[in-house]
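See below for the structure under consideration.
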Amino acid sequence: MLNYILMAQPAEGTEANPLMSFLPLVLIIVVFYFFMIRPQMKRQKELRKFRESIQKGDNVVTTGGIYGKVAEIKDTTILLQVDEGVKLKVDKSAVVKDMNDVAVQK
């Protein structure tokens with residue numbers, strides 16, 4: 001029903017309202033912002049805050065699925081202890097989760 005109203009030709013002798021022609025476009029942009037762009041920005045902000053708060057001794061997971069314990073932190077890299085005597089140097093942006101809050105499964 002709304003499609004017919006928005007697409008209807010103006011009556012003879014009246015001018016078309018320019019606002020009505022841009023209204024669908026504006027509504028689409030608003031919907032995209034609130035349902036896609038804003039939540040993504042919020043997730044990025046939380047992830048940035050998490051990466052800045054990582055401390056030595058935290059258990060983390062990388063984007064590749066590697067579980068490890070933070071052994072050393074530098075400006076852009078983290079040294080993860082994966083096993084006894086096995087350490088990996090990963091970029092800070094590769095760390096996605098803190099595993100301290102996850103319950104131990106048996």
Side-chain angles (χ1 to χ4, degrees):
M1 180 75 169
L2 185 60
N3 288 338
Y4 295 119
I5 295 171
L6 293 176
M7 294 174 60
Q9 296 293 325
E12 290 183 32
T14 61
E15 294 182 23
N17 188 353
L19 179 62
M20 292 304 284
S21 63
F22 288 111
L23 186 63
L25 181 64
V26 171
L27 288 174
I28 291 171
I29 291 171
V30 168
V31 168
F32 266 93
Y33 177 76
F34 280 107
F35 289 107
M36 295 180 76
I37 297 170
R38 190 169 175 229
Q40 180 65 27
M41 289 178 6
K42 186 177 179 182
R43 279 191 296 267
Q44 286 177 347
K45 184 178 178 182
E46 290 172 357
L47 189 58
R48 187 178 336 111
K49 185 185 282 186
F50 161 71
R51 288 178 180 152
E52 291 171 356
S53 68
I54 294 175
Q55 298 176 355
K56 186 176 179 180
D58 287 348
N59 292 320
V60 295
V61 179
T62 66
T63 55
I66 299 172
Y67 289 72
K69 186 174 185 178
V70 177
E72 185 179 333
I73 301 172
K74 294 189 179 177
D75 290 336
T76 59
T77 60
I78 295 176
L79 194 64
L80 289 180
Q81 181 174 354
V82 180
D83 200 11
E84 294 291 326
V86 179
K87 294 183 180 180
L88 298 174
K89 186 177 185 180
V90 297
D91 195 47
K92 263 189 180 180
S93 63
V95 178
V96 291
K97 285 187 190 173
D98 182 9
M99 297 308 293
N100 290 336
D101 299 335
V102 177
V104 178
Q105 297 178 353
K106 292 184 179 181

ILVMFWY cluster, F35 and V30 together (side-chain gap under 4.5 Å): no
Path from I73 to L47 over hydrophobic side-chain contacts below 4.5 Å: yes
Shared hydrophobic cluster, I28 / Y33 (ILVMFWY, side-chain heavy atoms < 4.5 Å): no
Within one Ile-Leu-Val-Met-Phe-Trp-Tyr cluster: L25 and L27, side-chain cutoff 4.5 Å: no
Atom of Q81, atom of G85 and distance for their closest heavy-atom approach: NE2-N, 4.5 Å
Identified side-chain contact (heavy atoms from CB on, under 4.5 Å) counterpart of L79 within the set K56, E72, K74: E72
Sub-4.5 Å side-chain heavy-atom contact between T62 and L80: yes
Atom NZ of K69 with >12 non-hydrogen neighbours under 6.0 angstrom: no
From CZ (R48) to NZ (K45), nearest 0.5 Å: 8.0 Å
Which atom of V82 lies closest to which atom of Y67, heavy atoms considered: CG1-O, 3.9 Å
Atom pair CD (Q44) and CD (Q40), whose distance is rounded to the nearest 0.5 Å: 4.5 Å
Residue pair I78, K92: steps toward the side-chain contact (heavy atoms from CB on, under 4.5 Å) verdict: CA-CA 6 Å; I78 295 176; K92 263 189 180 180; 3.7 Å; yes
hydrophobic_cluster_shared for V26 and I29, side chain cutoff 4.5 Å: no
Heavy-atom pair of closest approach, residues R51 and V95: NE-O, 2.9 Å
